Protein chains: 2
Amino acid sequence: MLFQEYWPFFVAGIILYVIARVGYAYMVEKDKKLQYKHKKNEDLQTPDQIADIDKDDSGEADDEEELVPAYPENLEHIPLNFQKITIEESIKRSNEFYELLNKRRTVRHFSNDPVPREIIANIIKAAGTAPSGAHTEPWTYVVVSSMGIKEKIREIIEQEEEINYKKRMGKVWTTDLKPFRTNWIKEYLTEAPYLILVFKQMYSFKSNGQKKLHYYNEQSVSLACGLLIAAVHYAGLVSLTSTPLNCGPALRTLLERPMNEKLTLLLPVGYPANNCLVPDLKRKSLDKILIEM
Amino acid sequence: MLFQEYWPFFVAGIILYVIARVGYAYMVEKDKKLQYKHKKNEDLQTPDQIADIDKDDSGEADDEEELVPAYPENLEHIPLNFQKITIEESIKRSNEFYELLNKRRTVRHFSNDPVPREIIANIIKAAGTAPSGAHTEPWTYVVVSSMGIKEKIREIIEQEEEINYKKRMGKVWTTDLKPFRTNWIKEYLTEAPYLILVFKQMYSFKSNGQKKLHYYNEQSVSLACGLLIAAVHYAGLVSLTSTPLNCGPALRTLLERPMNEKLTLLLPVGYPANNCLVPDLKRKSLDKILIEM
């Protein structure tokens, strides 16, 4: 019989099969453990995440390279220039600023009334006073007033936004946007006298050529945009905070920005169109956003 | 001879070894391809990324469930209340706001001089006027004045920051921070009369119980913090924009915030200590941050 003559092959086959199975199971298990370990550590934030850069760009200096901080290590410290105002004045001013900001509305319909460049320059200067991680000031403001460039920007964004609305954003998101009457047609991109495109710099370079990490660059730039929006409003102008989803690379190329910059926000700035309408939204009351302890 | 009798075993062993090698190489290759595919798609932003939530929480409604936007679909639109000011006044105001903000400095040394709650309330109200993705207003401001809670917060942060500085942040980061004379000892957490802990809400719930996605919640909250910082300064107070790295979960538990909230920033607010020093930093000049086209 076949089995009687060749049984050692069958036995060897079974043994080798068992070894292969056990070996494979061990490999899979090892893999899972690694993944689990990674998952567990996700909550822990590392310099790579904070500086929002690729692993390849982690900026870890070579061991032999001497580390030099971006600012002099013995940076001079000077007395803070502070004038204390009275409590009464402080209460008055805090209320005044709230009343002022509370009149601000996001505007989607602009007139083409001109705005002097000086006002825009002051607004950018105001935004430039924002705090940033380790004072890296990781922002570039590209201000576009050329109609030719505005038209190209509009073309890029409308093309991408049509795909966003129709395919990428999904039903939940587009349903949530319906009350705001938005779609992929963005007239404001050519109507407003200025488009401010805010780029975050993910890193830069120190004077000695070492890569300078920009810690918390995303948060710093968004925070600076808060000052920018307040400055626009304080100067008597209006703006729209827009996030051109998935248009970043094409707009960076158009505006010839370097690889270390990423588009964060786009704000048309100017005067509202005549008869401009805004959705009748209310803001949450203080007791909905403030918890005192 | 042993080999002559048992050669089929040796041959079988070699064949099985080859099969195992080829099979393993194939698996590894397949894995690489998957990783590559993922990498390529990273540039495309999806609702999950924008709303900054886990896949499990993607908020995609069941097919049978009717989708209802967070605001009424026929939300009324009303005329914008806008009073145009003169160009001259606009220039003057834009410069005035820049001059005001340019006096702001991040302060690390606070006095314990009391500040009326009314001022803090106005400051939070001002921050609450910020724009947000689809008007989701995804923020909670926890204002702590209780010394007991401030002490617990300090304990959590100093413990975690010691590990951050010594182990997690790495040489590059800690070297870059040296000029700012910071370390894991955070006296300001108990010195300042108020700690404002800003939480971003990653999602919430609509009145019908459906999950409400908070688009761009990270950016919206950071932007609101820009208004907050401006409001603090406008009211004649000082603050420190701090990011308690890896302390989020412990502080959320301490302050009993729900699972949909994540700590974004912590700002001590009050008056500066007498003889408060600040690093002698300059801000980038306008031509370094503004590109006109």
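This structure is a prediction, so every number in the text was calculated from the model and none was measured. In the text below, chain A, chain B and the rest are named by the order of the sequence lines, each starting its count at 1. Side-chain atoms are counted along with the backbone in the values below, which use heavy atoms only and exclude waters and symmetry mates.
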*B:Thr129: which of A:Asn102, A:Ile229, A:Leu100 passes side chain to side chain contact (heavy atoms under 4.5 Å, CB included)*: A:Asn102

4.5 Å side-chain heavy-atom contact, [X] and [Y]:
{"X": "A:Pro79", "Y": "B:Asn275", "answer": "no"}
{"X": "A:Val142", "Y": "B:Met293", "answer": "yes"}
{"X": "A:Ile78", "Y": "B:Val278", "answer": "yes"}
{"X": "A:Tyr234", "Y": "B:Glu96", "answer": "yes"}
{"X": "A:Ile291", "Y": "B:Tyr141", "answer": "no"}

Structural part of [X] lying under 4.5 Å from a heavy atom of chain B:
{"X": "A:Ala224", "answer": "neither"}
{"X": "A:Ala130", "answer": "backbone"}
{"X": "A:Tyr71", "answer": "both"}
{"X": "A:Lys150", "answer": "neither"}

*How about A:Glu218 and B:Gln219: does a side-chain donor come under 3.5 Å of a side-chain acceptor?*
yes

_Smallest separation among heavy atoms of A:Gly236 and B:Ile85, with atom names_ = CA-CD1, 4.0 Å

*Could B:Glu137 and A:Lys288 be called an ion pair, given the rule that one side-chain N must be under 4.0 Å from one carboxylate O?*
no

